[in-house]
Amino acid sequence: MSEAEHAAEEGAKDFIREVVREDLASGETSTVVTRFPPEPNGYLHIGHAKSMCLNFGVGEEFGGRCHLRFDDTNPAKEEHEYIEAIQRDVRWLGFDWGEHLYFASDHFETLFAWAEHLIENGHAFVDDQTAEEIRNTRGTLTEPGQNSPYRDRSVEENLDLFRRMRAGEFSEGDRVLRARVDMSSGNINMRDPVIYRILHAEHPRTGNTWCIYPTYDFAHGQSDAIEGVTHSLCTLEFADHRPLYDWLIANLPTPMVPRQFEFSRLNLTHTVLSKRRLIQLVEEGHVKGWDDPRMPTIGGLRRRGFPPEALRDFAKRVGITKSDNVIEVALLEHCARELLNKRALRRMAVLKPLKVVIENYPEGEVEYLDAVNNPEDEGAGKRQVPFSREIYLEQGDFMEDPPRKFFRLAPGREVRLRYAYFITCTDVIKDDAGNVVELRCTYDPATRGGDAPDGRKVKGTLHWVSTEHAVDGEVRLYNHLFTEPEPTMGDEFLAGLNPESLEVLNGCKFEPALAEVNEGDAVQFERQGYFGCDPDSGSGHPVFNRVVGLRDSWAKIQAKGQANK
RNA sequence: UGGGGAAUAGUUUAACGGUAGAACGACGGGUUCUGGCCCCGUUAGUCCAGGUUCGAAUCCUGGUUCCCCAGCCA
């Protein structure tokens with residue numbers, strides 16, 4: 001079975017793949033070519049991940065290809081730094097454009113010739129009006145626009161003026177090239193749209209070769225045609241541009257006819273995805289940068305510890321339609337948990353340590369106890385964890401006066417130390433302020449490994465770290481960037497920032513094996529969540545980011561208790 | 001009385017004239033050396049009104065609501 005046939009039988013079934021399948025079957029096209037077209041003026045975010053999964057996914061599933069093309073038509077806003085960062089992000093997500101890396105700027109010469117072609121056929125004219133005059137004569141949503149007084153210039157004059165625009169004879173804003181379509185169209189994009197403007201700016205790739213640049217409308221579809229893109233997939237807000245896209249292609253000597261299809265963009269709860277607002281968060285210092293783990297950017301998610309596979313799974317589950325949507329972040333979190341449950345090695349880490357002395361355990365003795373690396377994956381093997389007389393437990397795992405349903409440690413109560421022994425709390429030591437600062441316990445030597453030969457059961461199993469063997473480090477806990485599921489639009493959206501989106505914990509105690517975690521590999525801190533190693537880690541001082549917590553039914557019980565009070 | 005797009009459980013999404021199904025979430029239970037994972041169950045939906053049809057989420061007519069568009073941004 002060919003790849004195309006395979007996709008036809010088992011592939012995802014959104015309306016775009018349906019179109020592709022039909023086009024292949026009908027002979028409309030013999031091979032499918034898509035493209036992912038970022039503008040190099042910002043970083044990629046999870047919404048782009050949806051687009052990449054669609055474009056690269058379709059290319060691959062139907063035995064075609066997907067290009068990476070930078071829409072670099074506005075030198076005033078674009079920077080080289082973004083070109084590098086975007087390529088890194090696309091690769092990290094797992095996509096490969098092969099030889100097919102393009103820039104709209106690669107096509108500038110052809111675009112210029114095509115603009116002349118339009119002029120020669122009476123389909124474009126040089127307009128001397130100012131930007132304001134053009135705006136004032138564009139009409140409104142309900143009223144038609146008025147023709148420019150320069151609309152009927154001769155071909156010769158237009159050609160001459162356009163070439164002089166290129167030659168740099170004019171200042172920015174003096175003149176533009178406009179397509180000559182229909183000033184009375186209900187679709188504002190058809191009201192003689194500007195297709196070339198003068199910009200005396202240095203372009204990241206073409207330098208000072210050009211001082212006129214095509215607009216999106218005169219670059220995107222044209223680049224598609226030059227590169228042989230068959231299915232140009234974009235978001236819904238471009239649907240209004242499709243008539244112009246088609247009109248330009250129809251009036252240009254293109255080697256083929258690409259077609260545009262639109263799908264709805266991704267929205268996520270508890271965050272923002274508009275480029276403008278993301279920039280604001282970074283520039284005003286509400287987050288620490290584009291790769292702050294609270295950011296929905298690809299870089300942020302990567303640093304947070306999300307595996308690329310989880311993002312791709314998320315994109316698959318979200319689907320492709322034309323309806324507006326807001327996806328709950330809970331789905332993203334689920335994708336990370338599901339993947340990491342299968343893959344992440346289990347480790348013990350005490351985030352908020354409470355010292356515990358096991359009084360009947362021999363002083364100076366150290367035992368190495370077997371611990372399973374991943375109960376979901378036998379192949380992950382085992383490790384040995386050092387145990388000794390003094391250990392750390394999680395502060396939250398002890399309560400002096402526990403409520404019902406609290407199954408952890410309390411005075412006189414016996415619990416299991418995971419992979420170690422049963423211990424019983426015999427004494428509580430407090431400071432002058434009444435805070436619990438240390439526990440005294442006894443252990444049952446017969447329960448070595450974690451099981452009682454007499455068959456007695458305990459209700460709780462706690463993680464722990466041996467004091468003397470503990471590696472000290474930092475843990476960063478993340479919560480939703482915005483408190484409300486749907487932050488308000490407008491500039492006041494900053495008021496919705498969650499003041500508790502980041503909690504930094506110092507003096508965390510890690511089991512020795514955690515000193516060897518590689519950046520990018522997420523581990524599970526038993527009973528707590530999945531954590532990724534942050535690049536801020538120094539030798540002997542690991543820093544971990546919480547990707548997502550484990551589902552926590554105890555927290556739910558507690559929350560309910562609070563609500564009932 | 002501008003143009004374009006969309007409406008199915010709380011959230012996403014399937015069903016292409018023939019039993020409205022899934023995932024996430026929520027809730028309850030089982031299991032458990034992670035209050036995790038896993039398993040079982042409960043909850044809950046076709047925007048409205050007509051029409052066509054043996055039969056409508058799907059086709060037709062008329063409404064309603066929401067989103068996008070008036071950059072020399074993409």
Side-chain angles (χ1 to χ4, degrees), chain A residues 13-14 18 37-39 41-42 71-74 76-78 127 129-131 134-136 138-145 172-178 184-191 193-199 212-213 215-217 219-220 234-243 262 264-265 269 275 317-328 330-335 337-338 341-342 346 348 371-372 375-376 405-408 415-420 422 447 449-451 457-463 485 524-529 549-557:
Chain A
K13 284 190 192 169
D14 51 74
E18 233 168 79
E39 183 191 9
N41 72 342
D71 258 346
D72 56 346
T73 56
N74 189 348
K77 293 187 174 181
E78 294 152 6
D127 197 341
Q129 293 185 110
T130 64
I134 289 177
R135 188 180 341 114
N136 292 339
R138 185 154 27 227
T140 67
L141 293 179
T142 54
E143 301 158 37
E172 288 187 17
D174 282 357
R175 288 185 167 81
V176 292
L177 184 70
R178 288 228 255 171
S184 66
S185 172
N187 182 343
I188 292 177
N189 295 300
M190 300 298 269
R191 317 237 264 230
V194 171
I195 58 174
Y196 259 97
R197 75 287 213 194
I198 298 168
L199 252 25
I212 59 171
Y213 293 91
T215 58
Y216 165 85
D217 285 310
H220 198 96
C234 62
T235 44
L236 245 31
E237 64 269 28
F238 292 97
D240 286 345
H241 292 248
R242 180 156 29 93
E262 311 88 18
S264 58
R265 60 189 308 153
T269 58
K275 201 176 274 185
R317 290 175 189 250
V318 151
I320 298 291
T321 66
K322 297 182 84 140
S323 45
D324 293 335
N325 61 80
V326 185
I327 310 295
E328 294 175 338
L331 181 62
L332 213 210
E333 294 170 350
H334 167 81
C335 292
R337 280 196 199 99
E338 188 179 71
N341 175 51
K342 290 274 180 279
R346 312 291 127 123
M348 292 199 284
V372 173
E376 304 289 323
K405 293 188 184 172
F406 183 83
F407 302 146
R408 282 106 97 142
V415 297
R416 171 168 38 235
L417 296 181
R418 179 139 232 228
Y419 300 124
F422 285 11
T447 57
D451 282 304
K457 300 287 183 193
V458 288
K459 283 212 155 178
T461 299
L462 310 184
H463 61 276
Q524 183 194 100
F525 289 175
E526 293 234 20
R527 305 208 302 133
Q528 307 194 87
L550 254 27
R551 289 186 65 204
D552 186 351
S553 53
W554 168 239
K556 281 182 187 174
I557 292 169

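Lettering of chains follows the sequences in order, A, B, ..., and the numbering in each one begins at 1.
A close approach under 4.0 Å does occur between a side-chain nitrogen or oxygen of A/T73 and OP1 or OP2 of B/A74. Considering only side-chain N and O atoms, A/T140 lies nowhere under 4.0 angstrom from the phosphate OP1 or OP2 of B/G2. For the OP1/OP2 pair of B/C27 and a distance below 4.0 Å, the side-chain nitrogens and oxygens of A/K556 include at least one atom meeting the criterion. For the pair A/T269 and B/U11, the criterion of a side-chain N or O lying under 4.0 Å from OP1 or OP2 is not met. Regarding contacts with the backbone of B/G71, a side-chain N or O of A/R138 is found under 4.0 angstrom from either OP1 or OP2. In terms of phosphate contacts, A/H334 brings a side-chain nitrogen or oxygen within less than 4.0 Å of OP1 or OP2 of B/C24. For A/R242, no side-chain nitrogen or oxygen approaches OP1 or OP2 of B/C68 to under 4.0 Å. Contact annotation: A/N74 reaches the phosphate of B/C73 (side-chain N/O to OP1 or OP2, under 4.0 Å). At least one side-chain nitrogen or oxygen of A/T321 sits closer than 4.0 Å to the OP1 or OP2 atom of B/U13. Between B/A26 and A/R551, a contact under 4.0 Å exists linking OP1 or OP2 to a side-chain N or O. The side chain of A/R527 places an N or O atom within less than 4.0 Å of a non-bridging phosphate oxygen (OP1 or OP2) of B/G35.
B/C47 and B/U42 have their C1' atoms separated by 27 Å, with the value rounded to a whole Å. A distance of about 9 Å separates the P atoms of B/A7 and B/A14, rounded to the whole Å. Comparing B/G35 with B/A20, their P atoms are spaced 43 Å from each other, to the whole Å.
Residues satisfying the salt bridge (Lys or Arg N to Asp or Glu O under 4.0 Å) criterion with A/E338, sequence neighbours excluded, are A/R317. For A/K275, the side chain to side chain donor-acceptor pair (under 3.5 Å) partners at least two apart in sequence or on another chain are A/N41.
Of the charged side-chain nitrogens involved, none lies within less than 4.0 Å of a carboxylate oxygen, so that A/R346 and A/E526 do not count as a salt-bridged pair.
By the stacking rule of 5.5 Å between ring centres and under 30° between planes, A/W554 stacks on the base of B/G35.
Taking each heavy atom of A/R191 and A/T140 in turn, the nearest pair found is NH2-O, 2.5 Å. When all heavy atoms of A/D71 and A/E78 are compared, the closest pair comes out as O-OE2, 3.4 Å.
At the heavy-atom level, A/V372 lies nowhere under 4.0 Å from the strands shown.
A donor-acceptor contact under 3.5 angstrom links the side-chain atoms of A/D240 to the base of B/G3.
Note that CG of A/L236 and CG of A/D324 are 6.5 Å apart. Values are rounded to the nearest 0.5 Å.
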### Task
Quick one: the dot-bracket string of RNA chain B, using Watson-Crick and G-U wobble pairs with both distances under 3.5 Å, [ ] for crossing pairs and | for bases paired to another strand.
.((((((..((((....[..)))).(((((.......)))))....(((((..]....))))))))))).....
